[in-house]
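Just so we're on the same page: letters track the sequence lines, and every chain starts at 1.
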Amino acid sequence: MILYAAVVPKIVIFPVFILFLGIGVHSKLAVGAIAAFFPIALLTIAGMRDIKKVYVDVARTMGATRLQLAVHVYLPAIAGQVFAGIRIGLGAAVTGALLAETKIAKAGLGFMIVEYYAQFRIADMYSLLLFILILAAVTNWMMKSLFARLSPASRANPDASVYF
Amino acid sequence: MAGEQNFFQARMRTPLVMQSFSLLLFIAVWEIIGRTGLLFPDLFPSIFEILQSLWTYISTPLMLPHIQASLYEIGGALVLASVLGIPLGILWAAGVLGSRSSNR
């Protein structure tokens, strides 16, 4: 039921977090976390639903315990989608955190962009945008490489299980 | 798998010159608008000015506290969301938390 809230823009809850957590980094962390939570949870659910029933049945037939079933069947089967969810969540977290920074903040890259905009230092503003772009792309690429290495399916077949 | 390649891998085989063409075109158009003052002369600073400013951020610790703050927020957000989201997602899908929407 809560998952229907996934379409709510997370920034509208920001004032609440300012009240409870102050204007420091933690209120932005909370907005980013809420933003990233939904893609991660949703893709985890999708991964669970996509598990082929045959895998579970075979493991059960061979006498797997519940723990063995979880570790050897469920976790490897959902890993690819969970990793995809975390990478989509990264985008949501960056959006949430930097957007919140542009509203009320003491530090942060989004905060500095708005500062430079207000001071009409246009070249500095553009360079900061470029910097964020590069930073985000490098982080995303690093995550992709890490997940491709971790993913169980890609150990068998290097092309599989990394979606984008 | 040998022989097979998906759309994205096929794209990666296109030469770097072709891949960077649109980027170079964008930079060229940007410079032309900036130099000629065609529209909004204040809003199109030279690309070298921008790169110079970028270099100051990379080479000096001027921007370090802000980068740290942002990375802390994003990293913390992602860890928190994963720690909450993955177990909750599993429980939701398993139907432990009630409202199991079954489409099996």
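- The part of B/L51 that comes within reach of chain A is its side chain, from C-beta onward, which places non-hydrogen atoms under 4.5 angstrom from that chain.
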Checklist entry - Going through the distances and angles, do A/E101 and B/H66 end up as a side chain to side chain contact (heavy atoms under 4.5 Å, CB included)? => result CA-CA 10 Å; A/E101 274 174 8; B/H66 301 290; over 6 Å; no
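- From A/L129, atom CG reaches atom CD1 of B/I50 across 9.0 Å, with rounding to the nearest 0.5 Å.
- Taking both residues in full, the closest heavy atoms of B/A77 and A/A33 are given as CB-N, 3.2 Å, listed atom of the first, atom of the second, then distance.
- Of the listed residues A/G108, A/A107, A/A41, the one with more heavy-atom pairs under 4.5 angstrom with chain B than any other is A/G108.
- Separation of atoms CG (A/L29) and OG (B/S70) is listed at 11.0 Å; rounding is to 0.5 Å.
- Placement of A/Y55 and A/V58 in two distinct hydrophobic clusters is found when ILVMFWY residues are connected by side-chain heavy-atom separations under 4.5 Å, directly or transitively.
- In this structure, chain B has a heavy atom under 4.5 Å from the side chain of A/V82, while its backbone stays farther away.
- The nearest pair of heavy atoms linking B/I86 to A/I86 is CD1-CD1, 4.2 Å.
- For the pair B/L78/A/M143, a side-chain contact is recorded, criterion being any heavy-atom separation below 4.5 Å from C-beta on.
- Interatomic distance, OH of B/Y57 versus CG of A/L130, reported as 11.0 Å (0.5 Å rounding).
- Both the backbone and the side chain of B/Y72 have a heavy atom closer than 4.5 Å to some heavy atom of chain A.
- With a 4.5 angstrom heavy-atom cutoff, A/L135 touches chain B only via side-chain atoms.
- Hydrophobic clustering, with ILVMFWY side chains joined whenever heavy atoms are under 4.5 angstrom apart, keeps B/L54 apart from A/L133.
- Interface remark: of the candidates A/L109, A/L128, A/V31, A/L109 forms the most heavy-atom pairs closer than 4.5 Å to chain B.
- We find the CD1-OG distance between A/I122 and B/S53 to be 11.5 Å, quoted to the nearest 0.5 Å.
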Next on the checklist: Test side chain to side chain contact (heavy atoms under 4.5 Å, CB included) on B/Q52 and A/D124; report intermediate values, then the result.
Outcome noted: CA-CA 9 Å; B/Q52 199 181 12; A/D124 288 338; over 6 Å; no
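- Taking every heavy atom of both residues into account, A/F37 and B/A81 meet most closely at N-CB, 3.6 Å.
- If you chain together hydrophobic residues whose side chains sit under 4.5 Å apart, A/I18 and A/V16 fall into the same group.
- To the nearest 0.5 Å, atom CG of residue B/L91 and atom CD1 of residue A/I45 are 10.0 Å apart.
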Item to check | Worked check of side chain to side chain contact (heavy atoms under 4.5 Å, CB included) between A/I78 and B/I90 | outcome: CA-CA 9 Å; A/I78 65 172; B/I90 290 173; 3.9 Å; yes
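- Proximity to chain B at a heavy-atom threshold of 4.5 Å picks out A/F111, A/M112, A/Y116, A/F120 from residues 111-121 of chain A, in numerical order.
- Note: B/I74 CD1 to A/L98 CG = 5.0 Å, rounded to the nearest 0.5 Å.
- Here A/F131 and B/W55 keep their ring centres 6.0 angstrom or further from each other.
- A single hydrophobic cluster is seen to contain both A/F17 and A/V12, as judged by linkage of ILVMFWY side chains at heavy-atom distances under 4.5 Å, directly or through other members.
- One hydrophobic cluster, built from ILVMFWY side chains closer than 4.5 Å, holds both B/L71 and B/L62.
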